[in-house]
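Each chain gets a letter, A, B and so on, in the order its sequence line appears, and its residues count up from 1. Small disclaimer: the values here were computed from a predicted structure and weren't measured.
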2 protein chains.
Amino acid sequence: MDYQEAKYKFISTWGSLGTLWGINKAMAQIQALLFISPKALSMEDIMEELKISRGNTSMNLRQLIDWGIVTKVLVSGERKEYFTTEKDVQELARVIAKERSRREIKPVIKVLNEVSSIKDDGTSKTKELIKQTKALHELTENLDSLMHKMVNQNQNWLTKSVFKLMK
Amino acid sequence: MDYQEAKYKFISTWGSLGTLWGINKAMAQIQALLFISPKALSMEDIMEELKISRGNTSMNLRQLIDWGIVTKVLVSGERKEYFTTEKDVQELARVIAKERSRREIKPVIKVLNEVSSIKDDGTSKTKELIKQTKALHELTENLDSLMHKMVNQNQNWLTKSVFKLMK
DNA sequence: TTAAACTTTCAATAATTATTGAAAGTTTAT
DNA sequence: ATAAACTTTCAATAATTATTGAAAGTTTAA
């Protein structure tokens with residue numbers, strides 16, 4: 001496998017994995033491209049590499065910036081904007097975890113809490129609803145806090161987490 | 001909030017969260033409905049409650065069965081099939097984690113391994129590709145194994161994991 | 001100022017994904 | 001064997017989501 005093939009394979013695989021962390025294909029592919037690029041890229045560069053339109057590139061870059069994963073860099077003497085992504089995988093994971101929690105998990109926890117707090121009218125269906133959503137609420141909150149704990153430990157959270165859990 | 005409203009809210013919230021664990025809306029909603037139902041439901045029941053077609057119900061039920069989350073139950077004296085879902089949230093989380101790992105994470109790990117193993121031709125772009133995909137490979141493998149460790153400990157994996165990580 | 005160089009916006013369109021419903025298939029009771 | 005009761009399949013269609021591209025907007029240099 002040569003460089004071009006490897007690059008293509010990585011970008012498309014990472015792109016389709018986008019769903020796993022809740023972003024769309026183009027967004028994931030732009031991030032992937034920046035991630036393996038030794039230097040910052042311009043919008044032109046990205047459009048060309050990924051064969052996507054200017055509009056698409058612009059919109060998805062903005063989203064990546066909103067996520068805090070991509071930053072603009074100013075190249076002196078150049079008018080156009082250049083972009084880089086966070087290069088440290090652990091920091092990347094940390095940012096993604098934080099954002100997903102904020103955007104998706106936290107709102108769900110809120111709903112589960114509301115739903116599981118309805119008045120028990122004594123019927124079996126109400127009892128079941130309360131019981132099950134309570135359990136789900138607890139689980140979701142625990143997983144969310146576990147994730148935060150792992151990720152906020154320090155630079156070596158993963159190694160430490162693996163180690164602790166093996167004991 | 002009364003029972004009906006709570007039920008509706010739970011089903012639609014859980015349904016839209018489907019993306020988070022990689023399944024579609026109808027599938028997640030069927031699972032949600034079964035999850036809060038005190039007794040097994042027939043296809044008819046599900047169609048009616050969720051206002052979806054017979055075909056859709058059938059297909060998504062099958063997928064849920066494939067995932068190992070839903071099972072057919074035979075009600076004696078009844079001809080039609082009834083369905084229930086796994087009611088224990090921790091077991092549910094365990095099944096989902098295992099399936100997502102198998103279906104999505106493992107294949108990605110494989111690709112990352114291949115891509116990061118290309119021959120270093122000395123150019124900076126090849127070096128960067130190798131370095132970054134290697135880091136990602138390591139991270140992904142670690143997260144995957146961490147997840148398995150947590151989930152395979154025992155019934156109380158979550159509590160234990162939270163506890164261990166607090167130390 | 002002005003105009004060139006660049007970026008953003010957004011309505012139109014394309015691509016993808018989910019859903020329907022009716023025909024075909026299966027099972028069970030008689 | 002037959003037919004009623006039920007489930008599955010899948011081509012057609014609908015709904016959703018992503019993408020384009022050109023016009024509008026912005027910034028900078030002279």
Side chain of B:Lys25 - closest among C:dT19, C:dT7, D:dT8: C:dT19
B:Asn24 side-chain proximity, nearest of C:dT19, C:dA29, C:dT7: C:dT19
Per B:Ser53 side chain, nearest of listed nucleotides D:dT7, C:dT19, D:dT19: C:dT19
Options C:dT20, D:dT8, D:dT19, nucleotide nearest the side-chain atoms of A:Asn56: D:dT19
Length of the CG-C1' vector between A:Asn60 and D:dA18, whole Å: 9 Å
Nearest-angstrom distance from the residue atom CZ of A:Arg54 to P of D:dA24: 17 Å
Atom-to-atom span, CE of A:Met43 to P of C:dT7 - whole angstrom: 5 Å
Nearest-angstrom distance from the residue atom CD of B:Glu44 to P of D:dT7: 8 Å
Phosphate OP1/OP2 of C:dT9: any A:Arg62 side-chain N/O under 4.0 Å: yes
Interatomic distance, B:Gln63 CD vs D:dT8 P [rounded to whole Å]: 13 Å
Flag for A:Asn56-A:Ser53: side-chain donor and acceptor within less than 3.5 Å: no
Selection from D:dT9, C:dT7, D:dT19 that lies nearest to any side-chain heavy atom of B:Ser58: D:dT9
Nearest-neighbour nucleotide for the B:Arg79 side chain, C:dT28, C:dT8, D:dT7 considered: C:dT28
